[in-house]
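Quick notes on the structure that follows.
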Amino acid sequence: MRLACAEINLTALNHNLARVKELAPGSRIMAVLKANAYGHGLVTIAQNLVDADAFAVARIDEALALRAGGVIKPIVLLEGVFRAEDLAIAATSNFNVVVHDEAQLVMLENAQLASPITAWLKLDTGMHRLGIEPNQCHDMYTRLERCVSVAENIKLMTHFACADDLDDGKTTEQMALFFDSIKGRNNELCLANSAGIVGWPNSHCDWVRPGLMLYGVSPMIDSTGQDHQLTAVMRLTSSIIAIRDVKAGETVGYGSAWRAASDTRIGVVAMGYGDGYPRHAPNGTPVMIQGKRFTIVGRVSMDMITVELGYDDSVALGDEVELWGPNLPVEQIAQFATTIPYELLCNITPRVEYKYIQE
Ligand SMILES: *Cc1c(COP(=O)(O)O)cnc(C)c1O
């Protein structure tokens, strides 16, 4: 029997990429692969996203791993680089850099690179994380343009703070500020993350930056991927490794945090926080066995969870258990564990076996 396993459906991945194209037909696609492609496997995901126009990662090591894996498409470093040595590496490896503050601009001004590098000037329109002040745009742009180390096709970008909520006016404000700040320029523009792609068509412009939706997960609050015609890519499974009888009044697991109300049966599943399953998943968090929903009882431990089987004796030792996937949206598990699907996906640990399938 197979223990903790992340089955990655590459057909679903490409279906989701096609869905991005359908939603943003006029835009090029920069597929976001940071954090091990949201836990799906960096290089394999890149190799299978044949129709993406570029890739984006957060760290230079992620970009280098893609090149080492034979990936030749443009790669954008979403945080840019922080050291002059990395700028040199970025130039020789043909990475694009985001420029989000003056220190990075100065680094480019002082650099002597093997070949000019493509720069994405990032404006902070309200996220207040990375980006230059919109009123610095003209000045910084002019300085970038003068850099011999910067390629001619400077691109402009920003990032949304609240695009997952259609009722939040902030996205409209961010777009207005962005378009106002870059008025008169005809550079390539990039604003939309997955939530922008799904919820804010006016933000699509020349490039879109989908992450989460590529993996089949809804980027919007209060919906699942299915609601947006996306298909779950990851199916996290393991097996029942023991079945126990417990008597009414007995407790299960660390801290005796759950007590059986009546005589019942407990299935022990080889899946715990050591695999990336959220330790905070409470009693009542669902799992699927044999197409039926059961719920976790007791605390999640490092290597195991315990599931109440009750009087259902159709479940047997060795049965496969789905923790999330096509039959159990990761969005729902995230809600039970009071976190977000992003965190669950990228927390999968190296102990979990990966299995790539085509449908
Ligand atoms: C992670 C990230 C994205 C992708 O966001 P999703 O919500 O996963 O689509 C896009 N742009 C930037 C700057 C990011 O950091």
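All residue numbers in this chain count up from 1 along the given sequence. Remember, it's 1-based here, ligands and their atoms both numbered in the order they're listed. The shown structure was predicted, so the numbers you read here are calculated from the model rather than taken from an experiment.
Side chain to side chain, R143 and H138 fail the donor-acceptor criterion of an N or O pair below 3.5 Å. If you check the side chains of R129 and H100, you find no donor sitting under 3.5 Å from an acceptor. Y141 and N187 form a side-chain donor-acceptor contact under 3.5 Å, judged by distance and modelled atom types alone.
Contact annotation: the side chain of S218 approaches that of S223 to within less than 4.5 Å [non-hydrogen atoms, C-beta and beyond].
Looking at ligand 1, you won't find any N or O of V32 less than 3.5 Å from one of its N or O atoms. Residue L212 places at least one N or O, backbone or side chain, under 3.5 Å from an N or O of ligand 1. Remark: ligand 1 and K122 share no N or O pair separated by less than 3.5 Å (distance only, no angle test).
S194 OG, 2.5 Å is the protein heavy atom nearest to atom 9 (O) of ligand 1. Protein heavy atom at the shortest distance from atom 10 (C) of ligand 1 is R209 NE, 3.5 Å. Ranking the protein heavy atoms by distance from atom 7 (O) of ligand 1 puts Y342 OH, 2.7 Å first.
Near Y38, meaning under 4.0 Å from any of its heavy atoms, are these atoms of ligand 1: 1 (C), 4 (C), 5 (O), 6 (P), 8 (O).
Contact annotation: for K34 versus ligand 1, heavy atoms closer than 4.0 Å belong to the side chain alone. With a 4.0 Å cut-off on non-hydrogen atoms, H159 touches ligand 1 through its side chain and not its backbone.
Between W324 and Y277, the ring planes are parallel. Angles under 30° get that label, and only those over 60° would be called perpendicular.
The cationic atom of R265 (NZ for Lys, CZ for Arg) does not lie both less than 6.0 Å from the six-membered ring centre of Y311 and within 45° of the ring axis.
A distance of 12.0 Å separates CD1 of I333 from OG1 of T339, quoted to the nearest 0.5 Å.
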